Amino acid sequence: RLFADIVVIEKDAAAKRTNVRRVLDRKFASAAIDDKLRRDVAVNVPVLGRIVEIPFAFQNGRFNFIKPVPFESKSVSTSERTACQYAVEGRSLYDYESADYGRMQLLVVGKFRAGDRETREAVQRVLNENHVRLMRFEQVPDLIDEIRRTGKPLAK
């Protein structure tokens with residue numbers, strides 16, 4: 001029973017990640033910023049010693065890797081653990097200069113349950129301490145505007 005519960009939880013989490021990514025992908029596509037937005041970017045995360053694929057990225061002062069993440073668990077500690085995973089990856093990217101991308105930063109687009117200020121503040125605290133930017137899903141229009149204003153056009 002425990003195994004079945006864990007499998008269901010993992011499948012639910014994967015489905016939420018996919019859904020958040022899909023919605024973000026549609027928002028980016030309708031914003032017509034494809035000249036400044038990279039998709040499915042592979043990057044070496046030094047602390048992990050392996051390549052991680054990030055769905056979106058853009059270049060301004062740093063190479064910004066955009067990762068949509070659902071923080072919709074009813075448990076603050078579950079969301080904090082998720083934030084810690086991205087904090088470790090983000091800190092590693094921030095502290096490392098890549099030959100391919102130069103200076104880097106992880107930007108998490110977080111999807112929170114409506115009115116869940118406690119989780120949002122806990123996640124924000126963990127990510128900020130590790131140089132990971134957090135934008136709430138509702139702030140995607142601001143992110144699109146930032147990409148439009150500061151993003152460098154992609155090399156053809």
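Index from 1, following the sequence. Note that the coordinates shown come from a computational prediction; the quantities given were computed from them, not determined experimentally.
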State, without any angle test, whether S77 and S75 hold a side-chain donor-acceptor pair at a distance under 3.5 Å. yes
Run the salt bridge (charged side-chain N to carboxylate O under 4.0 Å, His left out) test against [X] and tell me which residues pass, sequence neighbours left out.
X    : answer
K36  : none
R26  : none
D142 : none

Provide the closest heavy-atom pair for [X] versus [Y] in the form atom of the first, atom of the second, distance.
X    : Y    : answer
I144 : A31  : CG2-CB, 3.5 Å
R38  : F63  : CD-CZ, 3.8 Å
T82  : F71  : CG2-CE2, 3.7 Å
S73  : D116 : O-OD2, 4.3 Å

When you measure from the centre of the six-membered ring of Y94, is the NZ or CZ of R62 under 6.0 Å away and within 45° of the axis? yes
Tell me whether the guanidinium CZ or amine NZ of R21 lies under 6.0 angstrom from the six-membered ring centre of F56 and within 45° of its axis. yes
Got more than 12 heavy atoms from elsewhere within 6.0 Å of CZ, R117? no
Closer than 4.0 angstrom, basic N to acidic O: yes or no for E121 and R125? no
